[in-house]
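Everything numeric here is computed off the predicted structure, so don't read it as measured data.
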Amino acid sequence: MAFSRTLEHESPSLVFTVHRKQPELVAPCKATPHEIKILSDIDSQAGLRAQIPIIQFYCSEPSMEGKDPVEIIRNAIAQALVFYYPLAGRLRERPDGKLMVDCNEEGVMFIEADADVTLDQFGDALEPPFPCFEELLHDVPGSEGVIDTPLLLIQVTRLKCGGFIFGLRFNHAMIDGVGIVTFMYTLSAFSHGAQDPPFTPIWRRELLTARDPPRVTCPHPEYDQLTDPNVTTLPTDLQQHSFFFGDSEVSTLRSLLPESLSSATTFQILTAFVWQCRTKALRFNPNDDVRMMCITDGRAKFNPPIPNSYYGNCLVLPAAVTTAGKLTEGTLGYPVGLIKEAIEKVDEEYIHSVADFMVTNGRPLFTTVRSCIVLDTTYAGFRGVDFGWGKALYGGLAKPGAGAFPAVNFHVPSQNEKGEEGIFVLTCLPTQALKAFAKVMDEVLESNQTN
């Protein structure tokens, strides 16, 4: 695949109209406890105070003829919130910056909508950026903040073909990606008529709360507070794009690694390749440090492991750090080794150290200077969420970036226009850098193509 050509020959953007009803609040269908619950010190950090959008595309299903996805999903939300009742509340902030949730049954925001478009009109490959995305998951004015706003915003948009689009925006301070997937599978279960959730939601935020006294036992370069004298304003010409990596591209990249890195995962290889190529495209000073931070789920690192039904943030951002010169001049094996090492150092002690770091350093934002963050959702299971219309044609992150920080890449499993399974890497760069990024990737892949 020539990535440069996909940029040059992008089809004209599809335009359609979405008719939305007034947003409403959906509360738990039964009375739930009114109480204040304290979030963890991992939850309360600055970098998680963002709204994250998810989008799912579903085609028509003959067996669901006459049934309304809006009504089915709205009712499922009301049922699920009985068990996930803190999600129907509102976040508050203590003077020390610690977050808590006021469980008050106010409800989550829900939007019913209809669009004059069919799934076929979106083309053979469903991939971000999606046309008219803001119409499919409407940012209701006043709901975008993190404090004292609905913790979830859900929009269900019926399509002319009988399919529908499910959009969800979640407050990351309250719930992480694993948590939102378990919540969505709970909606799925109630959509099919279940009386109880498939998972028992676990609160237990004290598991990720700082120790007393706090003790930072690991280095955390992911939170180094740097400034870049060469950057005075953020670029305004940012462009989003999804790059597809199938078996052949992954095989080509894997062939570039030494035998000692034969255990490297596809995620580590793609992340290293993207980091190397984007650094070349952005033309940093060779002596400047660059970072790739890999969002890592910590549930399995605890003894005993924390179950997936724990829906608070149980993630850390281990950073691979080197200079731009070493990264761009080295072989692919160099960044693969750095990334592998960064991820493998995460254990239970590392996660406790992050929580302790938060309270001793004022809950700082992660490093934003010459940094990129990446999340692998290949095995998250978004596409498997079924509300009665089958699995999603595309399911997962709706766009790259998190809050005001655009350099968050997502790996999303999906199909290209040929129907081949692979991974879309969602990324965002200034327009000229994006073109250079695509060209650099092409050069590496084409010069090392394996038959």
Side-chain angles (χ1 to χ4, degrees), residues 42 45 47-48 177 216-226 228 243 245 250 253-254 256-258 260-298 301 315-347 349-351 353-354 357 364-378 400-402 405-411 423 425-429 433 437 440-441 444:
I42 299 288
Q45 61 184 293
L48 295 180
V216 180
T217 54
C218 304
H220 296 291
E222 61 269 33
Y223 295 106
D224 288 347
Q225 300 302 296
L226 308 178
D228 188 346
F243 294 95
F245 290 84
V250 173
L253 295 175
R254 191 174 285 281
L256 303 178
L257 300 181
S260 60
L261 290 172
S262 60
S263 64
T265 65
T266 296
F267 168 69
Q268 292 166 354
I269 294 168
L270 288 184
T271 298
F273 180 58
V274 166
W275 186 25
Q276 205 169 45
C277 294
R278 84 183 293 277
T279 302
K280 288 180 182 177
L282 288 166
R283 303 175 69 179
F284 294 129
N285 183 310
N287 297 318
D288 283 341
D289 279 353
V290 289
R291 282 166 174 72
M292 177 59 82
M293 295 174 276
C294 303
I295 298 175
T296 303
D297 177 40
K301 308 296 183 181
L315 58 86
V316 287
L317 306 169
V321 185
T322 186
T323 65
K326 286 182 181 177
L327 178 61
T328 56
E329 292 162 14
T331 64
L332 181 62
Y334 176 63
V336 168
L338 293 177
I339 288 164
K340 199 168 183 292
E341 181 183 356
I343 294 171
E344 289 174 354
K345 72 185 176 188
V346 174
D347 56 13
E349 179 58 34
Y350 184 93
I351 299 165
S353 181
V354 171
F357 186 91
L365 183 64
F366 48 77
T367 312
T368 59
V369 175
R370 297 182 299 278
S371 293
C372 186
I373 297 176
V374 63
L375 171 64
D376 182 19
T377 69
T378 308
F405 186 62
V408 182
N409 293 348
F410 298 115
H411 292 195
I423 296 168
V425 175
L426 282 53
T427 194
C428 182
L429 284 166
F437 175 59
V440 172
M441 289 197 296
V444 174

When rounded to the nearest 0.5 angstrom, what distance separates CD1 in I423 from CG in L270? 5.5 Å
Kindly give the heavy-atom pair with the smallest separation between S371 and A407, and that separation in Å. O-CB, 3.6 Å
Taken to the nearest 0.5 Å, the spacing of F243 CZ from M441 CE works out to 4.0 Å
Spacing of M293 atom CE and W275 atom CH2 [to the nearest 0.5 Å]: 10.0 Å
So how far is it from L365 CG to F405 CZ, rounded to the nearest 0.5 Å? 8.0 Å
Determine the minimum heavy-atom distance between C294 and I339, stating which atoms define it. SG-CG2, 3.8 Å
Could you check whether any side-chain N or O of R254 sits under 3.5 Å from a backbone N or O of A264, counting only pairs where one atom can act as donor and the other as acceptor? yes
Hey, are the side chains of R291 and L226 touching, using non-hydrogen atoms and a 4.5 Å cut-off? yes
Taking atom types as modelled, is there a side-chain donor on Q276 or T328 under 3.5 Å from an acceptor on the other? no
List for me each residue that meets ring-ring contact (aromatic ring centres under 6.0 Å, His included) alongside Y223, sequence neighbours excluded, and say none if there are none. F357
Do any N or O atoms from the side chain of T279 and from the backbone of A324 form a donor-acceptor pair under 3.5 angstrom? no
Contact summary for P318 and A342, nearest pair of heavy atoms: CB-O, 3.3 Å
Test side chain to side chain contact (heavy atoms under 4.5 Å, CB included) on L375 and V408 and set out the steps. CA-CA 8 Å; L375 171 64; V408 182; 5.6 Å; no
Counting only N and O atoms by type, is there a donor-acceptor contact under 3.5 Å from the side chain of D376 to the main-chain atoms of T378? yes
Step by step, work out the side chain to side chain contact (heavy atoms under 4.5 Å, CB included) result for F410 and V374. CA-CA 6 Å; F410 298 115; V374 63; over 6 Å; no
Using distance alone, with no hydrogens and no angle criterion, decide if Y334 and T322 have a side-chain donor and acceptor under 3.5 Å apart. yes
Main-chain N/O of E222 paired with T367 side-chain donor or acceptor, under 3.5 Å: yes
Donor + acceptor pair across side chains of K340, S263 (<3.5 Å): yes
State which residues pass ring-ring contact (aromatic ring centres under 6.0 Å, His included) with F284; sequence neighbours excluded, sorted by chain then number. none
Just how far is it from atom OG1 of T368 to atom CD1 of I373, taken to the nearest 0.5 Å? 9.0 Å
Evaluate side chain to side chain contact (heavy atoms under 4.5 Å, CB included) for Y350 paired with T217, printing each intermediate quantity in order. CA-CA 7 Å; Y350 184 93; T217 54; over 6 Å; no
Just to verify, which of N285, L282, V290 counts as forming a side chain to side chain contact (heavy atoms under 4.5 Å, CB included) with R370? V290
In this structure, CD1 of I269 is separated from CG of L257 (nearest 0.5 Å) by 5.0 Å
Over all atoms of both residues, closest heavy-atom pair of L261 and V336: CD1-CG1, 4.0 Å
May I ask you to decide if A433's main-chain N or O and R278's side chain share a donor-acceptor pair within less than 3.5 Å? no
Electrostatic pair K345:E341 at N-O distance under 4.0 angstrom: no
To check you understand the geometry: which heavy-atom pair defines the closest contact between L48 and I42, and what is its length? CD1-O, 3.4 Å
Donor-acceptor pair between S353 and H220 side chains, under 3.5 angstrom: yes
For L315 and I295, what are the C-alpha separation, side-chain angles and deciding distance, and is it a side chain to side chain contact (heavy atoms under 4.5 Å, CB included)? CA-CA 6 Å; L315 58 86; I295 298 175; 4.1 Å; yes
Q45 side chain to F366 main-chain N or O, any donor-acceptor pair under 3.5 Å? no
Do T427 and N409 meet the criterion of a side-chain donor-acceptor pair at a distance under 3.5 Å? yes
How far apart are the closest heavy atoms of P335 and L327, and which atoms are they? CB-CD1, 3.6 Å
